[in-house]
Asks: 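Mind looking over this structure? Questions follow.
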Protein chains: 2
Amino acid sequence: MIDARLITLRVFARCGTIGATAELTGYSPSAVSAQLRELQRVLGMQLLTKDGRGVRLTAAGRYLVSGSDTLIAEWESLRAAAMEAGDQMPARFGLGGFSTAAAQLLAPLAATLRSTRPQLEVQVLEANPARCFDLLVAERIDLAVIVAMQSDTHAEDDPRFEQTVLLDDPLDVIIPSNHPLASRETVTLEELASEPWITEAVGSTYHSLFTAAFTAVGVTPRIAHEAVEWETQIAFVGAGLGVGLLPRLAPLRSAENVVRLRITGKGKPARRIVAAVRRGSIASPLIQESLDILQVRAKRILAARPEDDL
Amino acid sequence: MIDARLITLRVFARCGTIGATAELTGYSPSAVSAQLRELQRVLGMQLLTKDGRGVRLTAAGRYLVSGSDTLIAEWESLRAAAMEAGDQMPARFGLGGFSTAAAQLLAPLAATLRSTRPQLEVQVLEANPARCFDLLVAERIDLAVIVAMQSDTHAEDDPRFEQTVLLDDPLDVIIPSNHPLASRETVTLEELASEPWITEAVGSTYHSLFTAAFTAVGVTPRIAHEAVEWETQIAFVGAGLGVGLLPRLAPLRSAENVVRLRITGKGKPARRIVAAVRRGSIASPLIQESLDILQVRAKRILAARPEDDL
DNA sequence: ATATCTGTGCACAATAGGTGCATGATCGAT
DNA sequence: ATCGATCATGCACCTATTGTGCACAGATAT
């Protein structure tokens, strides 16, 4: 119930340019520009100033955006409580998530909701974690399943979001089936220190996981190749180009000549998968139900694993 | 920046019928109906139920309305702080007030604002205190100068408003100039207990002031006539029909054969004139400036009086 | 300079949102 | 029971807000 133009302003504050705001909110740049102009007119405040070829928030604008955090959170909370008081559900529900891990959690969630609440319009958007947060702010989605980043530790206490840990997904090693270590059950990262590694591009979501895993054990791996998709990476490994890290949740269906090994030793890298919602909305019955479904799913996944992985 | 439909819902919660809501908000009944229907659709909540020939809030609706108090207050507060941070003014400013007293305070305020801030669109609405509160809720006005009612003591701590005492305006007695007491400077209410009194209709704003004044001294006056306008009451008194109470701020220009006397004794009735704003908005620079102007005006009025009246 | 990226103004189109009247439902009074 | 009064709502119609697409202007980097 907070005016859409204020939401737009918040998104702008996050990404800094009209164009990016338009892309994120789904409007055209002209519309965003007009919205912000209208917002200034209605409030009688100057919120933006020209800055080079772009625009920048004024002091009043920054103040408004920073203060709107609690306002939005309070609205979400109110909305959620009213929902609960009336025992009702919203008409639309937007989900966001990234990659295979999210797919394994989000897809079943969406399916369950679709069957139990046929009149609920469920929409799923695939987006990387950073974008998921943006989409939450832009109110395009209501719940996101993402991989918690080390670099995004500040996101933990962001006043705009509330996060719930779903599970820790360990990273495995994949090596060619003709590799000397292929018959092993487990390996340590140290044993693979001299191998040519295949990872994602620098700056990607998983590259930081990769480096974090090796810095933890104190070795510097040699990055031989880069791949974007898991499938590509697996194919590279299968072709004998090197070895790679693969999350346990990522399936290895199409790989005949690739072996997956568990990592042991002090460096047991894992990615933490969490659910994120707008602060305040966590009390909503639909959010609660969704989190429950996700938790059950996560527990089932954990239960199917050997005990040493927890 | 809170959605207009939520404001409408709040007004509805206050007055209970679509028609009254329409009258108060300035919309047509159809528009109010459509707005509330839309609100329910957007929120995915049922907020209203048919109840006889009218409609009634559901549990969710009541919850939403009650919780929106703090939400609105927080928004007003944020808006005010942003205004102050940016050293800026809103484009529109709505004032509300009642009767002569308000006129003597509001008119100068409006005039001052008009001259010092030419681009500010100032609108003044004359309305009785109860309606002023409604207009504040409906966001038709931003500041109201009203007479605090004894019966409305609960309004003191209403979470929707903040009130500032401007001045206490004593009530005088007006009697025909040929009355035995006409040559006196002051009288007590007891001395006039047996006179035929002229007052406003039962249930009106000032009737309760009237009764409160007499219950304070423990006498029961005889109400002979009723008048709505001060001028009418004065004319009645001038015609020798009885005596009446007149606020000090109400001018006595057209009355040749009427005398105004101060009231002494333990019962010194007065009406308290206060300024009311939506909670949170009091920090707004424009509100602050307006309150300052009103306070100065009030002090000037008090200064022009004999000391015994304070 | 030129190319490029920024935001904005304008004509136009879609649609949200308004009014006024007619209709249906309910209640109170005769 | 019946009638009128009172409410809310649906419908036809109209307005104006709001979005799009394109062209354009200012600023920057090469």
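Chain letters run A, B, ... following the sequence lines, proteins first, then strands; residues in each count from 1.
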Asks: Take atom CG of B/D3 and atom C1' of C/dA16, then tell me their distance rounded to the nearest Å.
Replies: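 Distance check: B/D3 CG to C/dA16 C1' gives 12 Å.
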
Asks: To the nearest Å, how far apart are B/L36 CG and D/dG10 C1'?
Replies: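 For the pair B/L36 CG and D/dG10 C1', the rounded distance is 15 Å.
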
Asks: If you count the non-hydrogen atoms of other residues, nucleotides and ligands that lie under 6.0 Å from CZ in A/R114, is the total more than 12?
Replies: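 Counting neighbours around CZ of A/R114, 12 or fewer heavy atoms of other residues, nucleotides or ligands fall under 6.0 Å, so no.
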
Asks: Whole Å only: how far is the CG atom of B/D51 from the C1' atom of D/dT9?
Replies: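 The answer, rounded to whole Å, is 16 Å.
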
Asks: Over all strands shown, is B/S30 touching base, sugar-phosphate only, or nothing at heavy-atom distances under 4.0 angstrom?
Replies: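 Base contact - B/S30 has a heavy atom under 4.0 Å of at least one base atom.
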
Asks: Starting from C1' on C/dA16, measure out to CG on B/L39 and report it in whole angstrom.
Replies: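 From B/L39 CG to C/dA16 C1': 15 Å.
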
Asks: Given atom CD1 of B/I18 and atom C1' of D/dT9, what is their separation to the nearest angstrom?
Replies: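 To the nearest whole Å, that distance equals 9 Å.
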
Asks: Round to the nearest Å and state the distance from B/K50 atom NZ to D/dT9 atom C1'.
Replies: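 Rounded to whole Å, this separation is 7 Å.
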
Asks: Starting the side chain at C-beta, find the nucleotide from D/dA8, C/dT19, C/dG17 nearest to B/S28.
Replies: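 The nucleotide sitting nearest to the side chain is C/dT19.
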
Asks: Less than 4.5 Å apart, any side-chain heavy atom of A/M1 and any of B/V42?
Replies: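 Yes, their side chains come closer than 4.5 Å.
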
Asks: Taking only N and O in the side chain of B/Y27, is any of them less than 4.0 Å away from OP1 or OP2 of C/dG18?
Replies: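 Checking B/Y27 against C/dG18: at least one side-chain N or O falls below 4.0 Å of OP1 or OP2.
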
Asks: For B/F210, I'd like to know if atom CZ has over 12 heavy atoms of other residues, nucleotides or ligands within 6.0 Å.
Replies: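 Yes, because the 6.0 Å sphere around CZ of B/F210 holds more than 12 heavy atoms from other groups.
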
Asks: Under 4.0 Å: is that the gap between some side-chain N or O of B/R37 and OP1 or OP2 of D/dG10?
Replies: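 For B/R37, the contact criterion (side-chain N or O under 4.0 Å from OP1 or OP2 of D/dG10) is met.
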
Asks: How close or far is atom P of D/dT18 from atom CD of A/E38, stated in whole angstroms?
Replies: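 Computing the A/E38:CD to D/dT18:P distance gives 6 Å.
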
Asks: Using the side-chain heavy atoms of A/V55, tell me which of these nucleotides is nearest: C/dT26, D/dA8, C/dG7.
Replies: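 Looking only at side-chain atoms, A/V55 lies closest to C/dG7.
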
Asks: Return yes when atom CD of B/Q123 has more than 12 non-hydrogen atoms of other residues, nucleotides or ligands closer than 6.0 Å, and no otherwise.
Replies: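 Above 12, so yes.
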
Asks: In this structure, how many angstroms lie between the C1' atom of C/dG18 and the CZ atom of B/R5, rounded?
Replies: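 Taking atom C1' of C/dG18 as the reference, CZ of B/R5 is at 14 Å.
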
Asks: Can you confirm whether A/V11 sits close enough to A/D134 that some side-chain heavy atom of one is under 4.5 Å from a side-chain heavy atom of the other?
Replies: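 No, too far: nothing below the 4.5 Å cut-off.
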
Asks: If you check the B/R53 side chain, which of D/dC7, C/dT8, C/dT4 turns out closest?
Replies: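 Nearest to the side chain of B/R53 among the choices is D/dC7.
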
Asks: Using heavy-atom distances to pick each residue's nearest nucleotide on DNA chain D, tell me which of A/G52 and A/Q35 is more 5'.
Replies: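 The answer here is A/Q35.
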
Asks: So, OP1 or OP2 of C/dT8: does either fall under 4.0 Å of a side-chain N or O from A/S33?
Replies: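 So the side chain of A/S33 is within the cut-off, an N or O lying under 4.0 Å from OP1 or OP2 of C/dT8.
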
